[in-house]
Amino acid sequence: MINEPDRKKVERQARHTPSPFWVIVHKELGDHIHSWRFGILVGIVVLACIGSIYSAVIALQQGTGNSDSENYLFLKMFTASDGTLPNFITFVSFLGPLIGIALGFDAVNTERTKGTLSRMLSQPLYRDDFITAKFTAALLLVALVIFSLGFSVMGLGLFTIGYPPTPEEFGRVVIFLLTAVIYVGFWLNLSLYFSVRFRQAATSALSGIALWLFFTVFYSLIVNLLAKSFEPGEQAGTSQILSYQQTLLFINRLSPAELFTEATTTLLVPEVRSLGPLTMEQVIGAIPSPLPLGQSLLLIWPHLTGLIAAASLAFALTYALFMRQEIRSRS
């Protein structure tokens, strides 16, 4: 029979013992940080972003990045370019998904191939803790990289412009970085799904890269080709043209890359007042002034909801498939 002091000691040890979920999170974070693959990818992204920052600084110094609104000059560090290299948000939207794919394409199938998956799940560890910890560790690392790059750009902007950002500019940058984390998290969940679905890491990696190339490069090309065949004629009325443009816009927004591009452009370019077609009645009488942060958020709220829903759906599919799979130990 355990006496009272021993019982209290056991309870204190149980309270201070980390849960298996956080143990896996810490292990995955350490494995990712010390891997050559992650270092190479982050190096490529950092070099690309440094080039875009240099291009933005040259554009600001030459005056090519200025706009009618001098109050938002700090945001030009993320959107301006002198034409030699794309701007910062273009590099993030293009290279960010590669980090998500690289962190998740072999998260489960490598454990299965090595035979460590069955040994881990034979311990007092729930299946949902395992797959959720894999996703949490990778997403924390993605957030660390994106916020580090974003705040580095802001720090460089302090030296270039000479004055700190306003609270509204700081809020716009933080929301932009959160949106980028959500967008990369969507590709991370897709790569996790392919890692659970396919037993070979090469197959899951190629599937993720193929889907990324489709939405990033080929989707808009296919939509534009199909749009020409349904384009209304010269004698079409205003209602037909508006319906055609709205349908085309809806089809384009089925791509996560398009949602991210429109959301980030609206956040970092306050002069953007609409993301859809406007009639002359709507344009006449409108005051051409930048939108405040609250109005910009209302404008992109459907985009943020769509990105969150897409990321959640991808994780739900991964979770359901992993929970239903049979895991056998290697003989």
Side-chain angles (χ1 to χ4, degrees), residues 49 52 56 65 67-80 87-94 96-97 100 139-140 142-154 157 161 163-189 215 245-246 249-279 282-283 285-315:
C49 291
S52 67
S67 64
D68 296 334
S69 178
E70 296 294 338
N71 295 327
Y72 297 100
L73 187 60
F74 196 89
L75 297 179
K76 297 300 177 182
M77 291 294 301
F78 296 88
T79 59
N87 54 29
F88 181 83
I89 58 176
T90 302
F91 274 120
V92 171
S93 62
F94 187 78
L139 189 65
L140 287 176
V142 167
L144 178 63
V145 172
I146 291 178
F147 272 87
S148 298
L149 291 176
F151 286 131
S152 298
V153 175
M154 294 179 67
I161 301 175
Y163 58 87
T166 63
E168 181 172 345
E169 288 176 324
F170 182 79
R172 286 179 180 272
V173 172
V174 170
I175 297 174
F176 157 69
L177 296 177
L178 288 174
T179 305
V181 172
I182 296 172
Y183 177 62
V184 178
F186 164 74
W187 293 101
L188 171 63
N189 284 329
F215 280 115
Q245 292 293 335
Q246 290 173 354
L249 193 61
F250 173 77
I251 296 174
N252 278 320
R253 287 175 178 172
L254 294 177
S255 169
E258 181 68 19
L259 291 178
F260 178 73
T261 300
E262 290 188 359
T264 54
T265 303
T266 305
L267 282 172
L268 298 180
V269 184
E271 290 82 2
V272 175
R273 300 180 57 87
S274 176
L275 294 175
L278 297 175
T279 61
Q282 294 173 322
V283 174
I287 301 175
S289 60
L291 287 179
L293 177 58
Q295 295 298 320
S296 296
L297 284 177
L298 289 177
L299 196 61
I300 66 168
W301 187 251
H303 300 71
L304 297 179
T305 305
L307 287 175
I308 294 173
S312 302
L313 178 61
F315 181 76

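Source: prediction; values computed, not measured. Side-chain atoms are counted along with the backbone in the values below, which use heavy atoms only and exclude waters and symmetry mates.
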Look up atom [atom1] in [X] and atom [atom2] in [Y], then write down how far apart they are to the nearest 0.5 Å.
| X | Y | atom1 | atom2 | result |
| --- | --- | --- | --- | --- |
| E262 | T265 | CD | OG1 | 8.0 Å |
| L313 | I308 | CG | CD1 | 13.5 Å |
| L267 | L297 | CG | CG | 6.5 Å |
| H303 | T261 | NE2 | OG1 | 9.5 Å |
| F170 | I175 | CZ | CD1 | 10.5 Å |
| R172 | L293 | CZ | CG | 5.0 Å |

So which atom in [X] and which in [Y] form the shortest heavy-atom distance, rounded to 0.1 Å?
| X | Y | value |
| --- | --- | --- |
| N189 | A314 | CB-CB, 3.5 Å |
| T79 | N87 | O-ND2, 3.0 Å |
| A263 | T179 | CB-CG2, 4.4 Å |
| I182 | A311 | O-CB, 4.4 Å |
| N252 | E258 | O-CB, 3.2 Å |
| F260 | S93 | CE2-CB, 3.3 Å |

Is there a donor-acceptor pair closer than 3.5 Å between any side-chain N or O of E169 and the backbone N or O of T166?
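Between the backbone of T166 and the side chain of E169 there is a qualifying donor-acceptor contact (under 3.5 Å).
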
Hey, is the main chain of P292 close enough, under 3.5 Å, to the side chain of E168 for a donor-acceptor pair?
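Side chain of E168 to backbone of P292, a donor-acceptor pair under 3.5 Å: no, none is there.
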
Min side-chain heavy-atom separation [X]-[Y] under 4.5 Å:
| X | Y | value |
| --- | --- | --- |
| V173 | M77 | no |
| L178 | I146 | no |
| F88 | L149 | yes |

Dump the intermediate steps for side chain to side chain contact (heavy atoms under 4.5 Å, CB included) on L177 and M154, then the final yes or no.
CA-CA 12 Å; L177 296 177; M154 294 179 67; 5.6 Å; no

Should the pair F151 and F147 be assigned to parallel (<30°), tilted (30 to 60°) or perpendicular (>60°) ring geometry?
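Tilted: the ring planes of F151 and F147 meet at 30° to 60°.
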
Only one of L268, V269, L291 forms a side-chain contact (heavy atoms from CB on, under 4.5 Å) with S296, so which one is it?
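Output: one option passes, namely L291.
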
Evaluate side chain to side chain contact (heavy atoms under 4.5 Å, CB included) for F78 paired with T264, printing each intermediate quantity in order.
CA-CA 10 Å; F78 296 88; T264 54; over 6 Å; no

